[in-house]
Amino acid sequence: MSIYTAPLRDMLFTMKEVGGLDAICDQPGHEETTPELVEAILQEAARYAAGVLDPLNGPGDVQGARWRDGGVSTADGFRDAYASFCANGWNGMPAATEWGGQGLPTLVSTAVLEMWKSSNMAFSLCQMLTLGAVEAIAHHGSEELKRRFLPPMVEGRWTGTMNLTEPQAGSDLAALRSRAVPEGDHYRVSGTKIFITWGEHDMAENIVHLVLARLPDAPPGVKGISLFLCPKFLVNEDGSLGARNDLACTSIEHKLGIHGSPTAAMSFGEKDGAIGWLVGEPHQGLACMFTMMNHARLNVGLEGVGVSERAYQHARAYALERVQGKPALPARGTIAGHPDVRRMLMDMKSRTEAMRALAYFCAGQMDRAEAHPDAEERERATALVGLLTPVVKGWCTDNALHIASDGVQVHGGMGYVEETGAAQYLRDARITTIYEGTTGIQANDLIGRKLARDGGRAMKALIQSIDGDARRLLDAHDPVLAQLGQALHASVRTLEDGANWLLAHGAEGPERCAAGAVPFLRLAGTVIGGWLMARMAEAAVTQLAAGSGDAGFLSAKLVTAHHFATHALVLAPALRDIVVAGADSTLALSDEQL
């Protein structure tokens, strides 16, 4: 089996050329975050991912988490790895210095998080949920809640969860039944939650649950949901742990993948009611939880990048070693010389690099939205992050499923055998298109809240930027850049066509727009990914002409960009056609005819 190797050159190149690393390091608050420091952080994270987390990934999948009498034991090695993870400061790296974190730019933490997700996705989920809970409490919690809970969560002594889903409700949060009754300065929470990632485990001394529930006077629907903080153990005034709260893990799920990550069913209030504290204002719980959900959605999209990179590395290593048949490229001597294997590897490589570019571009915009000195630029970046969030989550995970499947295919029959390891990446990738909102939910968010709500202004501004770069590349002296400019110019027109059609028909036929929502999300991801690949190709040409950088790496960037243009961007017109003309057949049959 292959050993994970972080693609540091591509990560740093992408951070600089599309994430805007140099400019972000110059922003207020990040003056000490130099490019040299960033490279050192990434190198150390790469060593930790390869040396500690990746070796636990396969065994953790086989052994899995185990539930007994309300407690959960993690796979062998996970507890020691988590202890060293926190001791080395990795857990709180993205968090604010006010609460003990390092306050590094989101772009930097995103690159590091990709390594955790590539090397051990199940393990990485614990930190992801904890930091999401930290964000929600920091933005919406009282000063007392922040003082009491954030430092140990940032340190990693306590972890965090998100409790939304209930058995009867699924993704329909309006159907939530969990209740919270006021009692002095706190509330008594009762109800059942399912699919709670890392809801119970043995790696940390306390678990802080953020729980959606209804107050007695709550209006119906999502407008009547409030958010409550319910710790596994109550916390004394001096910060020490007190009595066990009235909540319990009643079981963990038997899942297709990510076996090392316990997914718990949680029961709150089987006795007197779990003690909890209100986070934010009454009946505003969904808005508060969306702080955590948006954090999680971006990081689930990053999981798509991470598992794709790992599946590609695994398939590449096998293809370069496996001898079978008579390759059309005989100098290779292995199955990497078979053109169809070559096609799959190039598809995996180019799509993963496009996904990484999209995730890093969005992370860079988050940093600009947070700290850029110009208010208009902060506003523009904020709108762009909102637009891109469902695309990062939906498109990157959608691609990951196909990339991991191609990884199995490269292995042939051996890919279907668990011992080779290729199947695990496919099984792990499968959940990423579902949790934190399915691809369909992301697509509806994109065409509804993100496209229609502002009349398409953010999308039109993005299209204008893409079109401007396409027109410039059309006139480039380099033939590869000119070809990329031509492909990009044609594909951005299809994105504009699709957006205009959705804007024109949203009011009169919302169901027809919804029928094309996922194809539109795929169209947006494909065009934006192609745009960012073209930008990196342009940077590679400039550096090659100047004689700077690694010539082998830079020339490969041109090839992968060209491959993406000729194998992915060419699909944009078909996706546009599905958006504007595919609804009639999608909706035509009655239930009995399906």
Side-chain angles (χ1 to χ4, degrees), residues 4-27 29-49 90 93-94 102-119 124 298-299 301-306 308-309 312 349-372 377 381 384-385 388-389 391-392 396 465 469 528-543 548-550 553-554 556-558 560-561 564:
Y4 170 66
T5 304
L8 291 178
R9 285 183 300 182
D10 195 67
M11 297 170 95
L12 284 165
F13 185 83
T14 307
M15 291 172 76
K16 291 179 179 179
E17 302 304 334
V18 302
L21 176 63
D22 292 344
I24 288 168
C25 289
D26 289 336
Q27 288 185 171
H30 296 313
E31 296 87 351
E32 296 182 4
T33 309
T34 64
E36 292 76 19
L37 175 63
V38 171
E39 186 169 356
I41 290 171
L42 264 60
Q43 288 174 343
E44 190 60 36
R47 283 191 285 270
Y48 190 86
W90 293 119
M93 190 185 73
Q102 298 174 32
L104 288 167
T106 300
L107 178 60
V108 178
S109 64
T110 294
V112 173
L113 289 174
E114 182 194 329
M115 298 187 213
W116 308 152
K117 296 173 186 306
S118 280
S119 58
S124 75
L298 289 167
N299 282 289
L302 194 63
E303 285 171 8
V305 180
S308 295
E309 174 64 38
Y312 164 69
K349 178 179 175 64
S350 64
R351 287 179 180 272
T352 300
E353 291 183 9
M355 293 153 58
R356 178 177 295 119
L358 174 60
Y360 288 15
F361 177 70
C362 186
Q365 294 302 313
M366 293 173 71
D367 286 320
R368 294 174 74 86
E370 179 71 23
H372 195 280
E377 182 60 26
L384 190 52
V385 170
L388 292 176
T389 295
V391 183
V392 172
C396 290
S465 295
D469 285 347
I528 299 168
W531 170 51
L532 298 174
M533 291 289 275
R535 285 179 52 178
M536 290 191 292
E538 185 178 26
V541 167
T542 300
Q543 293 182 29
S548 60
D550 183 332
F553 168 77
L554 294 171
K557 291 301 291 184
L558 291 175
T560 51
F564 189 87

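By convention here, the first residue in the shown sequence is residue 1. Since we're looking at a predicted model, the values are computed, not measured.
For E370, the CD atom counts as loosely surrounded, since its 6.0 Å shell holds 12 or fewer non-hydrogen atoms of other residues, nucleotides or ligands. For E31, the CD atom is densely surrounded, since the number of other residues' heavy atoms within 6.0 Å is greater than 12.
Here the closest heavy-atom approach between residue C362 and residue V385 is recorded as O-CG2, 4.0 Å. Annotation for S465 and W531: closest pair O-NE1, 4.2 Å, computed over non-hydrogen atoms. The two residues F564 and S350 have their closest heavy-atom pair at CD1-O, 3.9 Å. The two residues G301 and C396 make their nearest non-hydrogen contact at O-CB, 3.3 Å. When all heavy atoms are compared, the tightest approach of M11 to A111 is CE-O, 3.1 Å. Taking all atoms of both residues into account, the shortest heavy-atom contact from L42 to M15 is CD2-SD, 3.8 Å.
In this structure, Y312 and R351 have side chains that are not in contact, with every pair of non-hydrogen atoms separated by 4.5 Å or more. At a threshold of 4.5 Å between non-hydrogen side-chain atoms, the residues P35 and D22 count as touching. In this structure the side chain of D10 reaches within 4.5 angstrom of the side chain of K557, judged on heavy atoms. In this structure, the side chains of L384 and F361 come closer than 4.5 Å at one or more pairs of heavy atoms. L298 places none of its side-chain heavy atoms less than 4.5 Å from the side chain of L388. Side-chain contact between K117 and V305 is absent, with no heavy-atom pair separated by less than 4.5 Å. Looking at T14 and E353, their side chains never come closer than 4.5 Å, going by heavy atoms from C-beta outward. Looking at P105 and Q27, their side chains never come closer than 4.5 Å, going by heavy atoms from C-beta outward.
In this structure, CG on L107 lies 6.0 Å from CG on D367, to the nearest 0.5 angstrom. The distance from the OG1 atom of T5 to the CE atom of M115 is 11.5 Å, given to the nearest 0.5 Å. If you take CZ on R356 and OG on S308, they are separated by 9.5 Å, rounding to the nearest 0.5 Å. To the nearest 0.5 Å, atoms CZ (R368) and OG1 (T106) are separated by 13.5 Å. Taken to the nearest 0.5 Å, the CE atom of M355 stands 9.5 Å off from the CG atom of L302. Rounding to the nearest 0.5 Å gives a distance of 10.0 Å between OG of S119 and CD of E114.
For E538, the side-chain contact (heavy atoms from CB on, under 4.5 Å) criterion is met by R472, L473, L481, not counting sequence neighbours. Contacts of L37 classified as side-chain contact (heavy atoms from CB on, under 4.5 Å), with partners at least two apart in sequence or in another chain: T34, I41.
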Next on the checklist: Working note: S118 + E309, criterion side chain to side chain donor-acceptor pair (under 3.5 Å); need CA distance, chi angles, decisive distance, verdict.
Outcome noted: CA-CA 7 Å; S118 280; E309 174 64 38; over 6 Å; no
Checklist entry - Passes side-chain contact (heavy atoms from CB on, under 4.5 Å), L21 versus V108? Steps please. => result CA-CA 8 Å; L21 176 63; V108 178; 4.3 Å; yes
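Ring-plane geometry between Y48 and W90 is classed as tilted, the angle between the planes lying from 30 to 60 degrees on a 0 to 90 degree scale.
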